[in-house]
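One structure below.
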Amino acid sequence: MATPKKEANVAELKDLVARATIVVGAEYRGLTVKEMTTLRRVLRDAGVEARVVKNRLFQLAASQAGLADAGQVVEGPSLVVFGFGDIVAPSKAIADYVKTARNSFAPKKVFMDGSVVPGSIVGELASLPSREALIGQLAGAFVQPVQQFVNLTTDSIQSFARLVDARANQLEETAA
């Protein structure tokens, strides 16, 4: 029989899973309270939410949200990290914590774009530039050929104008 507390927990998890663009299941055994507090602070500063969940309740919430595959990210005692919007920011926060803390915290599985992938992808995602930087690079790639065309056209027009001016000066000198 489901208790009201469990039902509320499932409803909250269902909302988080439905809104998340990336869900990371991580191993947190062996972390001290201080390390766990630091981890939560780092994740919160990155705009990411982290929850220690009961596996069965999380799997139930994921299936109710229509993302049953997301329930596969939990194995054993799990800390689930929910990222909203940009998938690079949560990955960077997790990767930075793993590098600096040097403890037993490790991402195990990741759910994104409708599929479950190994936790090692977090490090790969962290090495990517942010979404804004990628958009800037793409815009630069579109603008560069246009800018080159404008420069070539301007140079050609200026060269032609100098040629006409030189010929006009030459004709004036021969007429005088």
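The closest side-chain heavy-atom distance from Arg40 to Val52 is below 4.5 Å. The shortest distance between side-chain heavy atoms of Met112 and Thr21 does not fall below 4.5 Å. Here the side chains of Val80 and Val23 are in contact, with some heavy-atom distance below 4.5 Å. With a 4.5 Å cut-off on side-chain heavy atoms, Leu16 and Phe58 do not count as touching. Residues Val42 and Asp96 fail the side-chain proximity criterion, which asks for heavy atoms closer than 4.5 Å. Looking at heavy atoms from C-beta onward, Val88 lies in side-chain contact with Lys92 at the 4.5 angstrom threshold. A 4.5 Å side-chain heavy-atom check between Leu138 and Leu134 finds every atom pair outside the cut-off.
A salt bridge links Glu75 with Lys109: the closest approach of a Lys/Arg side-chain nitrogen to an acidic carboxylate oxygen falls below 4.0 angstrom. Between Arg19 and Asp15, at least one side-chain nitrogen of the basic residue sits less than 4.0 Å from a carboxylate oxygen of the acidic one, meeting the salt-bridge criterion. Using a 4.0 Å cut-off between a side-chain N of Lys or Arg and a carboxylate O of Asp or Glu, Glu12 and Lys14 do not qualify as a salt bridge.
Considering OH of Tyr97 and CD of Glu35, their distance stands at 5.0 Å, rounded to 0.5 Å. To the nearest 0.5 Å, atom CZ of residue Arg44 and atom OG1 of residue Thr37 are 9.0 Å apart. In this structure, the separation between CD on Gln158 and CG on Leu163 is 13.5 Å, given to the nearest 0.5 Å. The structure places CG of Leu79 at 10.5 Å from CZ of Arg51, a figure rounded to the nearest 0.5 Å.
Asp69 and Gly114 get closest at one heavy-atom pair: OD2-O, 3.9 Å. Summarising the geometry of Val81 relative to Ile94, their closest heavy-atom pair is CG1-CD1, 4.0 Å, with the distance given to 0.1 Å. Between Pro90 and Asp86 the shortest heavy-atom distance is CD-O, 3.1 Å.
A donor-acceptor pair is defined here as one N or O able to donate and one able to accept, closer than 3.5 Å; such a pair exists between the side chain of Ser91 and the backbone of Ile87. The closest donor-acceptor contact from the side chain of Glu173 to the backbone of Gln170 lies at 3.5 Å or more, if one exists at all. The closest donor-acceptor contact from the side chain of Ser78 to the backbone of Gly76 lies under 3.5 Å.
Placement of Leu125 and Val122 within a single hydrophobic cluster is found when ILVMFWY residues are connected by side-chain heavy-atom separations under 4.5 Å, directly or transitively. A continuous path of Ile, Leu, Val, Met, Phe, Trp and Tyr side chains, each step under 4.5 Å between heavy atoms, connects Val117 with Val98, placing both in one hydrophobic cluster.
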Would you sort out whether Val48 and Phe82 count as a side chain to side chain contact (heavy atoms under 4.5 Å, CB included), showing the intermediate values?
CA-CA 6 Å; Val48 178; Phe82 300 94; 5.7 Å; no
Stepwise side chain to side chain contact (heavy atoms under 4.5 Å, CB included) test for Asn151 and Gln147:
CA-CA 6 Å; Asn151 289 341; Gln147 186 65 40; 3.3 Å; yes
Please report the C-alpha distance between Ile22 and Phe111 in whole Å, then the side-chain angles of each, then the deciding distance to 0.1 Å, and finally whether the side chain to side chain contact (heavy atoms under 4.5 Å, CB included) criterion is met.
CA-CA 6 Å; Ile22 185 170; Phe111 176 79; over 6 Å; no
Trace of the side chain to side chain contact (heavy atoms under 4.5 Å, CB included) decision for Leu43 with Leu39:
CA-CA 6 Å; Leu43 294 175; Leu39 172 62; 3.8 Å; yes
